[in-house]
Each structure stands twice: as structure tokens, then as C-alpha cells.
> 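The structure that follows is given in the form of C-alpha cells.
Fair warning: this is a prediction, and the values are worked out from it, not measured in the lab.
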Protein chains: 2
Amino acid sequence: MNNSLLNLTEAKNARSMVEAAYGLIRADILNGVLAPGERLRVEVLKDRYEVGASTLREALTRLVGDALVTSEEQRGFRVAGISLQDFADLTRTRKLIEAEALAQSIIHGDEEWEANLVAAFHRLSKVEQARTPENIALYTDEFEVRNREFHRALIGACPSRWLMQFQGILFGQSERYRRISLNSRGMPRDVHSEHKAIVEAALARDADRARKLEEEHIEKTLEVLSHLVVTLAEVQD
Amino acid sequence: MNNSLLNLTEAKNARSMVEAAYGLIRADILNGVLAPGERLRVEVLKDRYEVGASTLREALTRLVGDALVTSEEQRGFRVAGISLQDFADLTRTRKLIEAEALAQSIIHGDEEWEANLVAAFHRLSKVEQARTPENIALYTDEFEVRNREFHRALIGACPSRWLMQFQGILFGQSERYRRISLNSRGMPRDVHSEHKAIVEAALARDADRARKLEEEHIEKTLEVLSHLVVTLAEVQD
DNA sequence: ATAATAAAAAATCTCGAAATTTTAGTTGAC
DNA sequence: GTCAACTAAAATTTCGAGATTTTTTATTAT
């Protein structure tokens, strides 16, 4: 895994110790190194991430804002829990937010937005091509970054600061779930075609169609994970 | 003003110094004691709120999560700015979120939800009755609390954690703008009738109608403030 | 005068020890 | 055997001095 590389990059780019710790812990939560529900003891983590107690605490408080960490007064911090129920809620809300943001983006988008979108789609396609069943784990991080950038490019011309902020939080959340379903072979799925159809609708300025396709695209993630959970439940007993 | 009373209550209920400072600063931002765009110097505020630097910093970081404070690395914290443009965005997004939450609440609501809603509406009505043009400033805080509780009761049965969280953030934001338009006499408005109509639609389990009324209700706030800004602009020159 | 550079001031950011609170374990009364 | 009170251990939370960075002021050269 090249997690350490990714983490190192984030740490280097950080302009303060709080930001560095924030980035490292965030990556560890998304990658499952810090498991859902796990306690985040200040005494332990301050040594692991090599920062003081107050600095660590501030980083954790930032993560509470992203809803990746929960805190209970006088009882410390925990990695936010996950559940199929929560993922269903997350998906529904993402559909609402992201589809609306996309529609607004299509309405307000200029030529630069179009160019960025085509570029982001191209970059994502390249990674998708390079990924084969054998090397899939190797490309997870890169795919994740490109995928985020593609979805971000789609709504890049949305003028609503609030929709953008909420989209960011929800998308970050969904990454945790996606990494579970990505590495395992669940239902067969042609993500590339889904993306392609959305781009075409967006460039054609068909907001309604793009909205619908985006909703279906997001919904599919839930279907895949639901299928996976059922499969796991069958195996367990 | 009985701000100090309200603040004291919040401070007493706090289970930690961070929470106490968070509550006090939040109230001061909502009340305009700390003005939009104002710098929040750690050295100054730690004395004002009687906490250590790290504790204050953590409280401010929590407020960043509420988008009431912004922070720039190595350049400190500021009270988040306000603008008519931002309020328009806020209102649009609130309509999207709150209307959806209301619709879901109506679908899932049980008898207890109904009872709570009727009770919250009654309490709000009492405060509205007590408010006259002379004593309006006196009841601002109480009205604000009851108003928030009423709107919270409306969506009390919404099962989506995410919609509830975003609603909370957006509603908190809008309080800043509402306090500007409340104390000044803008356009005449019958808020009570608007609330009444929403409650009736909710109890009749008419999700579509309730959604529409809620959207209109939220939209009205924007109209009032827009009108006020125009008036102020005329006066200024 | 203007711009570039350096020194001083001011502010943010960081750390870890000390205070406070919670949790776990033990004893003793009923 | 159960529950309550007490004690010890562990963990969270808090503080403020010191390190680092930014901003302001002063100085010098062009």
C-alpha cells in the first residue's frame, strides 16, 4: 500500500501541525486503519501522530465537523460508527444535494467548466483502464482521488456555497463505505458508462436528465453495498 | 437586554470549559456582539471568556464546523461574513433541506410527534401574542428559542440524521440574519398565520402541501431582508 | 520618493505538565 | 448475593509559557 506516501504528501502540504494531524487521522479513518466506533484516546494518538494533546484535540474537533469523529463531553472522542442504515440515509441525502448542485452547475457553467469536466473525466477514465482485477488495490487511492475530482468538476459551476460544503462532507463520508465495496467483488457494474452518460447530459445542458442520471449513479453504490452485506451475512453463519 | 442571562444559562449547562466558551461565543456572534468579519484574536478572547488559549482555540474550531467562524492557517480566526448574496444562498438551501425533512417527518410521524408539534406551536403563539411594537426587543431571545423549537418539532419525526444536522447548521446561520430583520420594521408579515397553515397541513398528513408552505415561509424571510437592504441603501445616500 | 531589506512587535500555534473527571476495583454493610 | 461507599488508576480536559510565523515599523540604498 502507498498510504504512507499519500499521508506524507498531506503532511508536507500542511501549514500547521493541526492540519497535518487532521489530514493523517482523516486518511486513517477513511482507510479503516482507525476502525468505525474505535475510541480515539488523546494520550495514545498524540504519540502516534507526534503532536501535543491540545493540537491533537483541535485536529479531532475538526474531524467532528466532518462527522468522521464523534465526541462526548468528558468521555473523549471516537471514530464515527457506520451501518447500512446510515449509508442508506447518506445516499438519500447525497442524491438530494448532489443532484441539485449538478443542476445549478449546468445552468451556470461556462466554457472553462466544460473544459475542466472533460479533462477530469479523461483522467478518471485512464485510471479505470489501468485497473485490472489483480492490481485493483494498487490503484484504489488514485482512483479515489480522480473520482472525487470528477464529481467535483461536475458541480464545479454550482454557485451555492452551502451545497458545495454539504456535498464535500457527504462525499467524504461515502468514501469510507465505497472503499469497503470497491475492493470486494460485489455486483458487476459499469461505472465508466455511468460517468460518461452524466458528462454527455451535462455538456448538452440537459439539467433534468443529468440530475436523474446522477441520482441513479449514487443510488447504485447503495445497491452494491446492500448486496454485499447480504452476501456477508450469508457467509457468517 | 437579557443576553447575559441567556449566556449564563448556556455556560452553566456546559459540561466543559470548551462547551461553555463555545456557547458564549456562539451567542455573541448570533447577537452581533462579535460582528461579521471581525477578527477573533486568541489573546484577546481568552481573557474575555476566561479560558486558556488551547481551550478557546478548540471552541473556535467547533464554531468553524458550524460555519459561524472561518479560519485561515497561521492567520487566525474570524467571525464569518454575511451578505445578501450569502443569505439568498442560505435561504435556497434551507428550502431544499427543510422542506424535504418536513415531508419525511410527516410520513414517519407518530402521535407523540403530533402532540409535540401542537405544544410547540402553542408555546410559540403565546410569545407572539405577548410581543407588541414597544416590548419587541425584550422578547427577541425567547421568540428565537420558541421559533427554533417549533421548526424543530415540525421535522421532529424525520429519520434522516443528515438532513437534521444540515438543518441545524442552516437554521443557526439564518438566526443571524433574522435578528437583523426582526427588530426593524420591514414589510408587514403575518408569521403566525404562516405557521398555523403549516401545522394544519402537517397534521392532515399532506406532505406536498406542507412542503410548499414551508418553502414559501422560508422564502418570505429573504424577501423581508431584501426589502430592508433596499430601504437602507436608499437612506444611506 | 520608492523599493528592498532588516529588525522589532504582535499574533498564531504548539507543547506537556497539572487539574479535573470518569472508570474500575475493593471493601464492607445489609 | 446485592448494593453502596470508598479508593486507586486511567483518561479527559485545561492552562499558560515558549516556539514559530506573520505583520508592522524602521532603516538603507537606489
> Test of understanding: with ring pair (Phe, Tyr, Trp, His ring centres under 6.0 Å), list the residues that count as partners of A/Y49, not counting sequence neighbours.
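By the ring pair (Phe, Tyr, Trp, His ring centres under 6.0 Å) rule, A/Y49 matches no residue at all.
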> Within residues 35-49 of chain A, which residues have any heavy atom lying less than 4.0 Å from an atom of DNA chain C?
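Contacts with DNA chain C under 4.0 Å: none.
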> Sequence neighbours left out, what pairs pass side chain to side chain donor-acceptor pair (under 3.5 Å) with at least one residue falling in residues 76-85 of chain A?
none
> Could you list by number each residue of residues 65-80 of chain B showing a heavy-atom separation from DNA chain D of less than 4.0 Å, or answer none if no residue does?
B/Q74, B/R75
> Not counting sequence neighbours, list each pair that qualifies as a side chain to side chain donor-acceptor pair (under 3.5 Å) and has a residue in residues 62-71 of chain B.
A/E73-B/R62, B/Y22-B/D66
> For A/Q167 and A/R152, test the side chains for any donor-to-acceptor distance below 3.5 angstrom and give the result as yes or no.
yes
> Any sub-3.5 Å donor-acceptor pair from A/T93's side-chain atoms to A/D89's backbone N or O?
yes
> Could you go through A/D141 and A/N31, starting from their C-alpha distance and side-chain angles, then the distance that decides it, and tell me whether this counts as side-chain contact (heavy atoms from CB on, under 4.5 Å)?
CA-CA 9 Å; A/D141 281 337; A/N31 287 319; 4.1 Å; yes
> Return the value, rounded to whole Å, for the distance between atom CD of B/E58 and atom P of D/dT12.
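In whole Å, D/dT12 P and B/E58 CD are 12 Å from each other.
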> Whole angstroms only, please: what is the CD-P distance between B/E50 and D/dC15?
10 Å
> Using atom CG of A/L56 as one end and atom P of C/dT14 as the other, report the distance to the nearest whole Å.
12 Å
> Who are the salt bridge (charged side-chain N to carboxylate O under 4.0 Å, His left out) partners of B/E219, not counting sequence neighbours?
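For B/E219, the residues satisfying salt bridge (charged side-chain N to carboxylate O under 4.0 Å, His left out) (neighbours in sequence not counted) are B/K95.
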> Can you see if the side chain of B/S54 gets near the phosphate of D/dC15 - specifically, an N or O under 4.0 Å from OP1 or OP2?
no
> Apply the test side-chain contact (heavy atoms from CB on, under 4.5 Å) to residues A/R92 and B/E100: give CA-CA distance (whole Å), side-chain angles for both, the deciding distance (0.1 Å), then the verdict.
CA-CA 11 Å; A/R92 278 193 80 160; B/E100 175 63 25; 4.1 Å; yes
> Over how many whole Å does the gap from B/R15 atom CZ to D/dT12 atom C1' extend?
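Distance, rounded to whole Å: 12 Å.
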